[in-house]
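Before any comments, here is the structure.
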Amino acid sequence: MKRSSIVFALVIVCLVLVMAVSVNGAAKKIVVGFSQIGAESAWRTADTESIISEAKKYPNIVLKFSDAQQKPENQIKAMRSFIAQKVDVIGFTPVVETGYEPVLREAKRAHIPVIIIDRMVDVKDNSLWVTHMGSDMVEEGRKVVRFMVEKGWKGNVAEMVGTVGSSAAIGRHQGFNEMLKDHPEFKVILSESGNFTRSEGKQCMEAFLKAQGKNINILFAHNDDMAIGAIQAIEEYGLKPGVDIKIISIDATHDGFQAMIEGKLNCVVECNPLLGPQFYEAVQNLMAGKKLPKETVTKEGVFPMEVAKDVMPTRKY
Ligand code: GYE
C-alpha cells in the first residue's frame with residue numbers, strides 16, 4: 001500500500017474512533033428528573049442536599065430538580081414536564097399517598113422508570129414504580145412506644161401528627177397506636193396535625209395546652225421540627241419541656257440533638273434523609289439493565305437524651 005493510502009486509512013480510523021467515542025459519550029448521559037416535596041423541615045433540607053450534591057459526583061448524570069412547595073399538583077406538573085422532556089429516569093417523593101396514579105401511568109406508557117424515595121404512594125398497580133427506598137414509618141411509630149415502655153413512662157399522651165395523608169404520618173400514627181393497644185398505662189387524649197413544620201408545631205402545641213394544659217404528660221411529635229416548635233410553646237406556657245412534659249420525636253436531626261443536650265427533648269427515633277447515594281446507585285444499576293429490589297428499607301437507631309452529647313459530633317444531618 002502506498003504511504004499516502006496508509007495515512008488516509010489511519011485518518012479514517014481515527015475519525016471513526018472519535019465519532020464512536022462522542023456518540024457513546026453522549027449516549028452515556030443519564031437524565032434524571034426529580035420531584036421533591038418542598039422544604040418543610042430540617043430533614044427535608046438534608047434530603048434535598050443529599051440528592052443535589054450526590055448527583056455532582058456522577059459525570060454521566062444530569063439532574064433536573066423540581067421543588068413542589070408541598071403541592072401534589074405541582075409534582076404532577078413537574079412529572080408531566082419530565083415525561084415531555086423524555087428524561088431517562090424519574091425520581092420522586094410524594095407529598096401524600098394518593099392522586100399520582102394517572103401521571104405514573106403516563107410515565108409507564110412513555111417507558112420512563114420511576115424510583116420512589118422516602119414517602120410512598122398508595123397505588124393498586126405496583127408496576128407503576130420500579131423500586132422504593134426509605135424508612136419503615138410504621139416501625140418508627142412502634143419504636144416510640146417501645147421507648148416509652150422501656151422508660152416506664154405513663155399517663156396522658158398528645159400525638160402531633162405530620163402532614164395529613166402522607167405515608168410518613170399515616171405509618172407513624174398506625175405503628176404508634178397499634179402498639180399502644182397493649183399498654184393501658186398510656187391514654188392518647190389529643191391527636192392533631194402540625195404539618196411537619198416548626199411554626200405549625202408550635203401552634204398545634206398551643207392548642208393542645210389550651211385544651212388540656214397540665215393534663216398532658218407525654219408528647220409524641222412525628223418529627224423533630226414540630227417537637228422544637230412545641231418546646232417553645234411549652235416554655236411560653238410556663239412548663240418545662242422534657243421534664244413536666246416528656247417529649248419524643250422522629251428524625252434525629254442536629255436541632256433534635258441540640259434540644260436533647262439542653263434537656264428539653266427526651267428521645268429521637270432516627271429517620272435517615274441522606275438517600276442520595278442509594279438513589280443514584282439505583283439509577284446506575286437500572287440503566288445498566290440490572291434488576292432492582294422492589295423495596296430497600298433504611299436501617300435506623302433510637303437515641304435517648306443521655307447519649308446526645310457523645311453522639312452529636314458523629315451526626316451527618
Ligand atoms: O420525618 C419529616 C419530613 O417524609 C420521612 O418528612 C419524611 C418526613 C420527615 O418533613 O421531617
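When a ligand or atom number is given, it counts from 1 through the structure's own listing order.
For atom 5 (C) of ligand 1, the closest non-hydrogen atom on the protein side is D118 OD1, 3.2 Å. Atom 2 (C) of ligand 1 has its closest protein heavy atom at N223 ND2, 3.5 Å.
Taking 4.0 Å as the cut-off between side-chain N and carboxylate O, E192 and K210 do not count as a salt-bridged pair. Taking 4.0 Å as the cut-off between side-chain N and carboxylate O, R109 and E106 do not count as a salt-bridged pair. A salt bridge is absent between K143 and E140; no separation between the charged side-chain nitrogens and carboxylate oxygens falls under 4.0 Å. In summary, K316 and E49 do not engage in a salt bridge, as defined by a charged side-chain N under 4.0 Å from a carboxylate O.
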Requested in this report: Would you check, one step at a time, whether the test ring-ring contact (aromatic ring centres under 6.0 Å, His included) holds for F147 with W153?
Outcome: CA-CA 9 Å; F147 181 84; W153 292 359; 5.6 Å; yes
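Residue contact check: D251 has heavy atoms under 4.0 Å from atoms 1 (O), 2 (C), 9 (C), 11 (O) of ligand 1. Distances below 4.0 Å separate heavy atoms of A168 from the following atoms of ligand 1: 4 (O). Residue-ligand proximity, E40 to ligand 1, at heavy-atom distances under 4.0 Å covers atoms 3 (C), 6 (O), 10 (O). Atoms of ligand 1 found under 4.0 Å from any heavy atom of S41, numbered from 1 in the order shown, are 2 (C), 3 (C), 10 (O), 11 (O). Residue-ligand proximity, M137 to ligand 1, at heavy-atom distances under 4.0 Å covers atoms 5 (C).
Considering backbone and side-chain N/O of W43, none are found under 3.5 Å from N/O of ligand 1. For ligand 1, the polar-atom distance check against R119 finds a nitrogen or oxygen pair separated by under 3.5 Å.
Under a cut-off of 6.0 angstrom, the local environment of NZ in K294 is crowded, with over 12 non-hydrogen atoms contributed by other residues, nucleotides or ligands.
Ligand 1 has no atom lying under 4.0 Å from any heavy atom of M226. Note on ligand 1: I250 sits outside its first shell, no heavy atom being nearer than 4.0 Å. Close to ligand 1: C271, with a non-hydrogen atom less than 4.0 angstrom away.
For Q284 and Y58, the side-chain atoms include no donor-acceptor pair closer than 3.5 Å.
Applying the ring-ring contact (aromatic ring centres under 6.0 Å, His included) test between F92 and each of F279, Y100, F34 identifies Y100 as the sole match.
Contacts between E140 and ligand 1 below 4.0 angstrom, taking non-hydrogen atoms only, are absent altogether.
Under the 30°/60° scheme for interplanar angles, the aromatic rings of H222 and F220 are found to be tilted.
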